[in-house]
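Because only heavy atoms are used, hydrogens play no part in the values below, and waters and symmetry mates are left out as well, while side chains stay in. Chain identifiers are assigned alphabetically (A, B, ...) following the order of the sequence lines, protein sequences preceding nucleic acid strands; residue numbering begins at 1 within each chain.
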Number of protein chains: 2
Amino acid sequence: MYKTTKVRSAMLEIFTRNPTPLTTRDIILKLKQNHLNPNKTTVYREIEFLNNLGLITGVDFGEGKKRYELTRKHHHHIICIKCKTIKDISLEKDLGLDSSKIIKTTGFKPISHSLEFFGLCKNCQ
Amino acid sequence: MYKTTKVRSAMLEIFTRNPTPLTTRDIILKLKQNHLNPNKTTVYREIEFLNNLGLITGVDFGEGKKRYELTRKHHHHIICIKCKTIKDISLEKDLGLDSSKIIKTTGFKPISHSLEFFGLCKNCQ
DNA sequence: GTCCTTGCAAATCATTTGCAGGCAC
DNA sequence: GTGCCTGCAAATGATTTGCAAGGAC
């Protein structure tokens, strides 16, 4: 059975408090602020654990590293190409609408998609 | 001024012949088939060169590595989560429509976006 | 006490950098 | 000959793995 460890509780709390997709580095820094100094291996394994449970979800902005955020209602992000600030975006029309068309034109059965926007935040414009 | 080298010509031809986004590894393999054995550093630098000229465009499926394809009309992809086969997708309605809404709700000025689909190809279903 | 968790060191993988030598023009 | 191109080795950064020790229940 799963165990309630310090790192686990702290990471869940960090994800809960931070609405922004976090890198492993971000997480380790925030754990330090909580007076926890786990090995990065532990953090990677805990990420995998929470991800497998579906509690967190991976996001990739093509930065060469993954980010993770608490799993919640389907949404997208816009990331500032200068300062990397991230904001959520919700599109009213769902892209899933195109499923039948994708099946027809490609033969693929779509399961999920990733849609991320890039731009300039208010400060960096 | 730019020079016409064997690797440069071969890579351009490879991108032209292959409609699918290629990894560095893919490119090196295909160069070998063309009896070229360049150092991977050379390939990375050539990718950067062609990318800076805008001749090729980077694509990221969250695989932990980048892919590149010949630059052409805006489109998206669907990748098979099992065998990694990739197919193009064109959506009639452009997502740029949401720009003004994004500006209003987030304060960000959107510049580009990445939209990739994941699913199962005909064989893997 | 059992077995999940953790730490540490080392390995793996994609990508980058510094520097010296090589080739296109 | 000049200046871009290339190779090689080593560095960097993210992520993974093996194994032995530690801690939750």
Side-chain angles (χ1 to χ4, degrees), chain A residues 1-15 20-32 34-69 79 81 84 86 114 116, chain B residues 1-15 20-32 34-69 79 81 84 86 114 116:
Chain A
M1 208 40 236
Y2 311 136
K3 296 181 179 173
T4 305
T5 65
K6 283 182 188 172
V7 177
R8 183 157 297 164
S9 315
M11 279 182 61
L12 264 179
E13 188 178 331
I14 286 168
F15 279 119
T20 280
L22 304 170
T23 64
T24 306
R25 199 180 142 66
D26 296 333
I27 295 165
I28 290 173
L29 283 175
K30 286 182 187 296
L31 284 170
K32 287 214 170 103
N34 285 25
H35 313 297
L36 286 176
N37 239 337
N39 191 277
K40 64 183 168 193
T41 303
T42 301
V43 175
Y44 275 106
R45 284 195 276 233
E46 194 58 32
I47 288 173
E48 191 193 6
F49 173 86
L50 298 174
N51 190 45
N52 283 342
L53 283 188
L55 293 177
I56 61 174
T57 300
V59 183
D60 198 306
F61 291 114
E63 302 167 295
K65 60 193 164 196
K66 290 230 167 75
R67 290 173 177 271
Y68 294 87
E69 66 179 354
I79 181 168
I81 56 180
K84 309 296 177 200
I86 302 169
S114 77
E116 311 299 347
Chain B
M1 206 41 235
Y2 311 137
K3 298 181 177 171
T4 306
T5 64
K6 282 181 189 173
V7 176
R8 183 156 295 165
S9 317
M11 278 181 61
L12 265 179
E13 188 177 331
I14 287 169
F15 279 120
T20 281
L22 303 171
T23 64
T24 305
R25 198 180 146 66
D26 294 334
I27 295 165
I28 289 174
L29 283 175
K30 285 183 188 296
L31 284 169
K32 285 212 172 107
N34 285 24
H35 312 297
L36 286 175
N37 240 336
N39 192 277
K40 66 184 169 196
T41 303
T42 301
V43 175
Y44 275 105
R45 284 196 276 234
E46 194 59 32
I47 287 173
E48 192 194 6
F49 173 86
L50 297 175
N51 191 43
N52 284 342
L53 283 188
L55 293 179
I56 60 174
T57 301
V59 182
D60 198 307
F61 291 114
E63 302 167 294
K65 60 193 163 194
K66 290 231 167 74
R67 289 172 178 272
Y68 295 88
E69 65 178 354
I79 181 169
I81 56 181
K84 309 297 178 200
I86 301 168
S114 78
E116 310 299 346

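For Arg8(B) and dG3(D), the CZ to P distance is 17 Å, given to the nearest whole Å. Separating the CG atom of Asn52(B) from the P atom of dC4(D) is a distance of 15 Å, rounded to the nearest angstrom. Straight-line distance from the CD atom of Glu63(A) to the C1' atom of dA14(C): 15 Å, rounded to whole Å. Spacing between atom CG of Leu12(B) and atom P of dC5(D) amounts to 12 Å, rounded to whole angstrom units. When rounded to the nearest whole Å, the span between CE of Met1(A) and P of dA24(D) equals 16 Å. Nucleotide dC5(D) holds its P atom 16 Å from the CG atom of Leu36(B), rounded to whole Å. Atom P of nucleotide dT6(D) and atom CD of Glu48(B) are separated by 13 Å, given to the nearest angstrom. Going from atom OH of Tyr2(B) over to atom P of dT2(D) covers 22 Å, rounded to whole Å.
The nucleotide whose nearest atom lies closest to any side-chain atom of Arg45(B) is, among dT15(C), dG18(C), dG7(C), dG18(C). In this structure, of dA14(D), dG3(D), dG7(D), it is dG3(D) that holds the atom nearest to the side chain of Lys3(B). Each of dA24(D), dG7(C), dT15(C) was ranked by its minimum atom distance to the side chain of Thr5(A); first place goes to dA24(D). Comparing dT16(C), dG7(C), dT5(C) by their closest approach to the side chain of Tyr44(B) singles out dT16(C). When distances are taken from the side chain of Lys65(B) to each of dC5(D), dC8(D), dT15(C), the shortest belongs to dT15(C). Which of dT6(D), dC5(D), dG7(C) sits closest to the side chain of Thr42(B) comes down to dT6(D).
At the heavy-atom level, Lys40(B) lies under 4.0 Å from base atoms of the strands shown. Contacts of Thr4(B) with the nucleic acid, taken as non-hydrogen atoms under 4.0 Å apart, involve only primed sugar atoms and P, OP1 or OP2. Contacts of Thr41(A) with the nucleic acid, taken as non-hydrogen atoms under 4.0 Å apart, include base atoms.
The shortest distance between side-chain heavy atoms of Ile27(A) and Glu46(A) does not fall below 4.5 Å. Under the 4.5 Å side-chain criterion, counting only non-hydrogen atoms from C-beta, Thr20(B) is not in contact with Glu69(B). Looking at Tyr68(A) and Leu50(A), their side chains never come closer than 4.5 Å, going by heavy atoms from C-beta outward.
Once rounded to the nearest 0.5 Å, the distance linking CD1 of Ile79(A) with CD1 of Ile86(A) reads 4.5 Å. Arg67(A) contributes atom CZ, which lies 5.5 Å from atom CG of Asp26(A) (distance to the nearest 0.5 angstrom).
Contact annotation: Thr24(A) side-chain N/O to dA14(D) OP1/OP2 distance is not under 4.0 Å.
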